[in-house]
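From a predicted model like this one, the values you see are computed outputs, not experimental measurements. What you see below is based on every heavy atom in this structure, not just the backbone, and it leaves out hydrogens, waters and symmetry mates. Every chain is numbered from 1, with letters handed out A, B, ... down the list of sequences.
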Amino acid sequence: MRIYVGNISFRSTDETLYEAFSQYGQVEEAAVITDRQTGRSRGFAFVTMPDEDAQKAIEALDGTDVDGRTWRVSEAREPTARRPGGGRRDGDRD
DNA sequence: GTTGAGCGTT
């Protein structure tokens, strides 16, 4: 599951997220979103974890104070990566 | 050495 982490400190990095989320499960990917134009932090990030661990981490870390800022943690909106296929697998069915 | 609403790239 992809997790959206907002309102993070500009000092927070990928490892800051990793160390925080890894406490609640296996972190598959942890990436602070930096402005592609300036290379500076945009103040939010994405974390990918197994569904069960992700939900635990969300409820555990949402609203917590990290590096002076209160984290806004929730499930990410968009289905998955912005690539052809839109997150839908060929075998996806109802 | 700055700032503060937000859902990103391989």
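Taking the 5.5 Å centre cut-off and the 30° plane limit, the aromatic side chain of A:Phe10 is classed as stacked on B:dG4.
The backbone N or O of A:Thr70 sits less than 3.5 Å from a side-chain atom of A:Asn7, completing a donor-acceptor pair. A:Asp14 places a side-chain N or O within donor-acceptor distance of the main-chain N or O of A:Val32, the cut-off being under 3.5 Å.
Counting any heavy atom pair closer than 4.0 Å across all strands shown, A:Ile8 reaches a base atom. Note on A:Gly43: a base of the nucleic acid sits closer than 4.0 angstrom, heavy atoms only. No contact: A:Arg72 has no heavy atom under 4.0 Å from any strand. Note on A:Ser74: a base of the nucleic acid sits closer than 4.0 angstrom, heavy atoms only.
In this structure, A:Phe44 and A:Tyr4 have tilted ring planes: the angle between them lies in the 30° to 60° band.
Put simply, CD on A:Glu29 is 11 Å from C1' on B:dG8, counting in whole angstrom units. As rounded to whole Å, 19 Å separates atom P of B:dG8 from atom CD of A:Glu28. In this structure, the CD1 atom of A:Ile58 is 13 Å from the C1' atom of B:dC7, given to the nearest Å. One interatomic measurement links the two molecules: CZ of A:Arg42 to P of B:dG8, which rounds to 7 Å at whole-angstrom precision. Straight-line distance from the CD1 atom of A:Ile3 to the P atom of B:dT9: 19 Å, rounded to whole Å. Between the CZ atom of A:Phe46 and the P atom of B:dG8 there is a distance of 5 Å, given to the nearest Å. If you measure from atom CD1 of A:Ile33 to atom P of B:dT3, you get 22 Å, rounded to the nearest angstrom.
Looking at A:Arg69, its side chain comes within 3.5 Å of the base of B:dG4 through a donor and an acceptor atom. Counting distance only, with no hydrogens placed and no angle test, the side-chain atoms of A:Arg2 and the base atoms of B:dG8 include a donor-acceptor pair under 3.5 Å.
Comparing A:Thr34 and A:Asn7, the nucleotide of DNA chain B nearest to each residue sits closer to the 5' end for A:Asn7.
Hydrophobic clustering (side-chain heavy atoms under 4.5 Å, transitive across Ile, Leu, Val, Met, Phe, Trp, Tyr) groups A:Tyr18 together with A:Val5.
Side-chain contact between A:Thr16 and A:Asp67 is absent, with no heavy atoms from C-beta onward closer than 4.5 Å.
Among B:dC7, B:dT2, B:dG8, the nucleotide with an atom closest to any side-chain atom of A:Arg11 is B:dT2.
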